[in-house]
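Here's the structure we're looking at; comments come further down.
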Amino acid sequence: MIKYLQLQMQGDAYLKCVNPKCGLEYPIMSTNVQCENGHVLDVIYKNKISPDLKEVFYQRRDSKGNIFNESGVWRFRELLNFCQIDTEDNDECSKYLVSLDGAEGRQSKPYQMSKAAEFIGINKEGLWLQPEGYNPSGSFKDNGMVTAVTHAKMVGAKKIVCASTGNTSASAGMFAANEGIKCDVYIPAGQIAPGKLSQAYQFGAQIIQVEGNFDDALKQSLDDAKNYDGYTVNSVNPFRIEGQKTIPFRALEYLNWESPDWIIYPGGALGNTSSCGKALMELYEWGWIKKIPRIAVINSEGASTLSDLYNGKFEDEELRWNKGNPNTELISRYYDHLDKEGLRPKTKATAIQIGRPANIIKGLRALEFTNGIVTTVSDSEMLDGMSVVGLNGFDCEMASGASVAGIKKLMEEGIIKKDDVVVGILTGRQKDAMIPVDYHSNSKNIFANPPKK
Ligand code: F0G
């Protein structure tokens, strides 16, 4: 029997600017993604959430016919309770919470993958890879999209809007279709995987092709959302971040809330990094975990803004959160430098082909809190990472291969130790069929298995 902890559910939630010097607050029904001074916002919960809920979450794995217990996101609903739900009743939950019949996050948990461990050179008991590609739209995005669309419904939005390198648009299109609301997706023309584009079409989203890259598409979508009454569901939306916290929640729960040494993500717009940081900050503050895992963000060599700035490769300054006072001018000068030199992000892993990570500020906060690190991997390293995951019977896309390749590189550099416990997130499923076909046709590739003639 689930003992329902009513007290936990009172937690009034509100929005607050992340900049400690500014700290402007907004009611939970606000649709602002920034404060008046242009800083990003957090969802804040007034009450500490008791670790006694661990038992409740565990019991909900036996869903008892409640799809919100089946859902790997809503199973943890008290830890993201911005809509103040305080019932176990399926019908009552479904009036507020958006879900695809409980499928989001349902299949996600960390797995041990021996071939990947062997390739990386780490103890196989210590390596956990968590596929998020088995979500209903095929990527981790569904975790945060259910929470963003829940908020969109709370405020009565008629249309959701996003820019995307493909997975966000697939997820947004899917939930919009299921909820009967409109969806506009802005995509960089010719730069997203065909499988992702076709999902957006199939779900009936309106596609707007932007001549330029993801960064241009995001700018246009944010402008249009403002001018034409759209509700933005990119990860600049603080409610997206809330749902994505469940990625580390599931990993931690599986590990009996014993923190691993590392959590590894590919880095694009840094929504994942931000949400993992926020999840860990809250869990630590509320006494759910004793140790803070270190986050490692893996950029592609061809789209390495965070790595360049964090590692002091631009103007010799290492960009840091700096107690909420990061050197934003350094970031602006870096972007000006990219523009002036005509440097555009370029990688075959189009999911993370991003030059201006919209969540860089929250990402820096996450790295500071977790003593995190940032590195880069090449396209061919990502392809090998993707391919070895396949040999364990799991499917992931090239950008997700960055997690595997990044762990390998950090091990070789002696930063990750052989006995460390590492959780790598495999962010999305393969949606570009020609990538593995091309990889396996070239016998020079490490894991190539060329066809026989
Ligand atoms: N991996 C995959 C498969 C992605 O689709 C993305 C981002 C990332 C990693 C990077 O995650 O932005 O949280 O750092 N895709 C976005 C999109 C940008 O539009 O689908 P992040």
Centroid-centroid distance, Phe249 to Trp74, less than 6.0 Å: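 For Phe249 and Trp74, the ring centres are not under 6.0 Å apart.
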Aromatic ring proximity, centroids under 6.0 angstrom, His440 and Phe447: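 Not close enough - the centres of the two rings lie 6.0 Å or further apart.
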So, does [X] use its side chain to make a donor-acceptor pair with the main chain of [Y] at under 3.5 Å?
X      : Y      : result
Asn178 : Met174 : no
Ser169 : Ser164 : no
Asn234 : Val236 : no
Glu258 : Leu255 : no
Asn81  : Ile85  : yes
Trp321 : Gly363 : no
Ser307 : Ser304 : no
Asn392 : Lys115 : yes

Criterion side chain to side chain contact (heavy atoms under 4.5 Å, CB included) on Lys159 and Tyr231, from CA distance to verdict: CA-CA 6 Å; Lys159 181 172 77 175; Tyr231 179 97; over 6 Å; no
Derivation and outcome, side chain to side chain contact (heavy atoms under 4.5 Å, CB included), residues Glu368 and Leu364: CA-CA 6 Å; Glu368 177 101 342; Leu364 290 170; over 6 Å; no
Going by distance alone, is a donor N or O of one side chain under 3.5 Å from an acceptor N or O of the other, for [X] and [Y]?
X      : Y      : result
Glu397 : Asn167 : yes
Asn123 : Asp419 : yes
Glu317 : Asn327 : yes
Ser259 : Lys290 : no
Glu242 : Thr147 : no
Glu125 : Gln112 : no
Arg294 : Thr370 : no
Asn299 : Thr376 : no
Gln199 : Lys431 : yes
Thr165 : Thr350 : no
Tyr134 : Asp395 : no
Asn143 : Glu132 : yes
Asp384 : Tyr439 : yes

[Y] and [X], any side-chain heavy atoms less than 4.5 Å apart:
X      : Y      : result
Leu367 : Ile373 : no
Ile415 : Trp262 : yes
Val185 : Cys183 : yes
Trp286 : Leu79  : yes
Tyr254 : Trp128 : yes
Arg365 : Met281 : yes
Lys158 : Ile181 : no
Leu283 : Leu252 : yes

Tell me whether [X] at atom [atom1] has more than 12 heavy atoms from other residues, nucleotides or ligands lying less than 6.0 Å away.
X      : atom1 : value
Glu211 : CD    : no
Glu315 : CD    : yes
Gln202 : CD    : no
Tyr58  : OH    : no
Phe369 : CZ    : yes
Asp339 : CG    : yes
Lys124 : NZ    : no
Lys291 : NZ    : yes

Lys NZ or Arg CZ of Lys408 over Phe119 ring: under 6.0 Å, within 45°: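 Yes; both conditions hold, so Lys408 lies above the ring face of Phe119.
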NZ or CZ of Arg77 within 45° of Phe68 ring axis and under 6.0 Å: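 The answer is no; the distance or angle limit is not met.
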Quick one: pull up [atom1] in [X] and [atom2] in [Y] and give me the separation to the nearest 0.5 Å.
X      : Y      : atom1 : atom2 : answer
Asp184 : Thr232 : CG    : OG1   : 10.5 Å
Ile264 : Ser403 : CD1   : OG    : 7.5 Å
Leu426 : Ser400 : CG    : OG    : 6.0 Å
Leu319 : Thr305 : CG    : OG1   : 11.0 Å
Ile425 : Ile298 : CD1   : CD1   : 12.0 Å
Leu41  : Lys362 : CG    : NZ    : 7.0 Å

Parallel, tilted or perpendicular, judged at 30° and 60°: which one describes the rings of [X] and [Y]?
X      : Y      : answer
His151 : Phe82  : perpendicular
Phe394 : Tyr111 : tilted
Phe314 : His337 : tilted

Working for side chain to side chain donor-acceptor pair (under 3.5 Å), residues Gln244 and Asn272: CA-CA 7 Å; Gln244 283 178 213; Asn272 265 330; 3.1 Å; yes
Worked verdict on Ser71 versus Glu104 for side chain to side chain donor-acceptor pair (under 3.5 Å): CA-CA 6 Å; Ser71 163; Glu104 59 287 340; 2.9 Å; yes
Derivation and outcome, salt bridge (Lys or Arg N to Asp or Glu O under 4.0 Å), residues Lys109 and Glu253: CA-CA 9 Å; Lys109 63 176 185 184; Glu253 186 189 53; over 6 Å; no
Asp224/Tyr186 under side chain to side chain donor-acceptor pair (under 3.5 Å): CA gap, chis, key distance, verdict: CA-CA 10 Å; Asp224 286 2; Tyr186 291 71; 2.7 Å; yes
Asp215 with Lys219: basic N within carboxylate O range, under 4.0 Å: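 Between Lys219 and Asp215 there is no salt bridge, as every charged N stays at least 4.0 Å from the carboxylate O atoms.
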